[in-house]
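Just below is one structure, and these are the notes that go with it.
Both ligands and their constituent atoms are indexed starting at 1 by order of listing.
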Amino acid sequence: MADLNVNIGKLQMKNPVMTASGTFGYGEEFQDFINIERIGGIIVKGTTLHKREGNPYPRMAETPSGMLNAVGLQNKGVDYFVKSIYPRIKDVNTNMIVNVSGSAIEDYVKTAEIINELDKIPAIELNISCPNVKQGGMAFGVSAKCAYEVVKAVREAYKKTLIVKLSPNVTDITEIARAAEDAGADSVSLINTLLGMAIDAERRRPILSTITGGMSGAAVKPIALRMVWQVAKSVNIPVIGLGGIMNWKDAIEFILAGASAIQIGTANFIDPTITVKVIDGINDYLERHKYNSISDIVGALEI
Ligand SMILES: Cc1cc2nc3c(=O)[nH]c(=O)nc-3n(C[C@H](O)[C@H](O)[C@H](O)COP(=O)(O)O)c2cc1C
C-alpha cells in the first residue's frame with residue numbers, strides 16, 4: 001500500500017477521497033453499498049441556520065454528460081442537525097464535515113459557532129456560492145471583497161479546519177481564492193456548480209422551476225481542472241479539487257494539477273460504490289508508478 005494520508009489544516013485524512021456536499025446525504029444512505037469508513041472525508045448536505053424548504057419541483061434535469069440541479073439548499077436547519085443527525089453520525093470512523101451556507105454573514109457565523117461545539121466534526125466547508133441578502137442577492141463568492149468579509153467573520157468564530165468552497169461563476173477564480181486565504185481559510189475547495197439552463201422545446205418552457213440551475217458531472221471536468229490548476233499556483237494553502245470526477249483517472253488528473261485531495265459528487269448517483277473504487281485506483285496508480293506517497297504527485301504535472 002502507498003501512503004495515502006493527507007492533512008488539510010488540522011484535518012487528518014486516511015486518503016484524499018472525499019464526498020461532495022449534497023450528493024452523499026449524511027453517508028448513512030450509502031452504508032448498504034460500501035464501508036463508508038474507508039472514505040477520507042464525508043461532506044454532508046448544505047446546512048443553514050434556519051430550515052429551508054428548497055425550490056419547487058422540477059429541480060433536476062439531465063444533460064449530455066451531466067445534470068442540472070436547483071435543489072436550493074433544502075435542509076432542516078442547524079439545530080435539527082445537532083439534535084437529530086449528529087448523534088447518528090458522530091461515531092462513524094471518518095471525518096464528518098459540515099457544509100455551511102447562509103444568506104447573511106451573521107447566519108454563517110452563528111451556524112459555524114454552533115458546529116464548533118460539536119467534538120466529532122473536525123472541519124466545516126463554507127459554501128460562499130449563495131446569495132448575500134444585504135448585497136441584493138449577489139453571491140458572496142463572486143466578489144473578492146464579500147468573500148474576504150464572510151471568511152474573516154467565520155474564521156474568528158470557528159476554531160477548527162475551515163475549508164472555503166469556491167464558485168466557478170466568476171471571471172477570475174484565483175482572486176477569490178486569494179481573498180479566502182488572506183481571510184484565514186485553511187483550504188479552498190473548487191468547483192461548485194456552473195450556472196446552466198435547460199428548455200423543453202415542445203412545451204416552450206424551461207425545465208427547471210427556477211429557470212437556471214447548477215451544472216455538474218463529467219461535462220464540467222475540463223473547466224474544473226483548469227480552475228484547480230490556476231488556483232493551486234496562486235495560493236499557499238491546500239486545494240481540494242472537484243467537478244466531474246467520475247473515476248480514479250480523473251482524480252489523479254486533479255491531483256497532478258495541484259489538488260491535495262478530491263471530492264466526488266454526481267458520480268455517486270451513477271455508481272454508489274465509486275468512492276472506494278477511486279481510493280483503490282489511486283493506490284494502484286501510485287504503486288504502478290513506484291511512488292511511496294500521494295504527496296509525491298500533488299502538482300507534479302510536467303509542463
Ligand atoms: C443534487 C446536488 C446537490 C448539491 N448540494 C450542494 C450543497 O448543499 N452545498 C454545496 O456546497 N454544493 C452542493 N452541490 C455541489 C456539489 O457538491 C459539487 O460541487 C458539484 O456537483 C460539482 O461536482 P460533481 O461534478 O462531482 O458533482 C450539489 C450538487 C448536486 C448535484
Ligand 1-proximal atoms of [X], by part, heavy-atom distance under 4.0 Å:
X: K165; value: side chain
X: N69; value: side chain
X: N99; value: side chain

Got the closest protein heavy atom to [atom], with its distance?
atom: atom 13 (C) of ligand 1; value: S21 O, 3.2 Å
atom: atom 20 (C) of ligand 1; value: T193 CG2, 3.8 Å
atom: atom 27 (O) of ligand 1; value: T266 OG1, 2.6 Å

State whether a side-chain donor-acceptor pair under 3.5 Å links [X] with [Y].
X: N268; Y: T19; answer: no
X: N7; Y: Q12; answer: no
X: S101; Y: N127; answer: yes
X: Q263; Y: E125; answer: yes

Between [X] and [Y], does at least one N-O distance fall below 4.0 Å, as a salt bridge requires?
X: E253; Y: K221; result: yes
X: R38; Y: D280; result: yes
X: K290; Y: D296; result: no

Fill in: Selection from G54, G244, G46 by shortest heavy-atom distance to atom 8 (O) of ligand 1
G46

With heavy atoms of [X] as the reference, note each atom of ligand 1 found under 4.0 Å away.
X: L73; value: 7 (C), 8 (O)
X: L242; value: 18 (C), 19 (O), 23 (O)
X: N127; value: 9 (N), 10 (C), 11 (O)
X: A20; value: 17 (O)

Fill in: Heteroatom distance test (E125, ligand 1): nitrogen or oxygen, under 3.5 angstrom
no

Fill in: G265-ligand 1 polar pair, N/O distance under 3.5 Å
yes

Fill in: Test item: I105 and F140 side chains (from C-beta on) under 4.5 Å apart, heavy atoms
yes

Worksheet item: Can you find a heavy atom in the side chain of V188 that is under 4.5 Å from one in the side chain of E181?
Response: no

Fill in: Heavy-atom gap I191 to ligand 1 smaller than 4.0 Å
yes

Discussion item. Heavy-atom contact check, 4.0 Å cutoff: does G217 meet ligand 1?
Written reply: yes

Worksheet item: Is the backbone of K159 close enough, under 3.5 Å, to the side chain of K10 for a donor and an acceptor to pair up by distance?
Response: yes

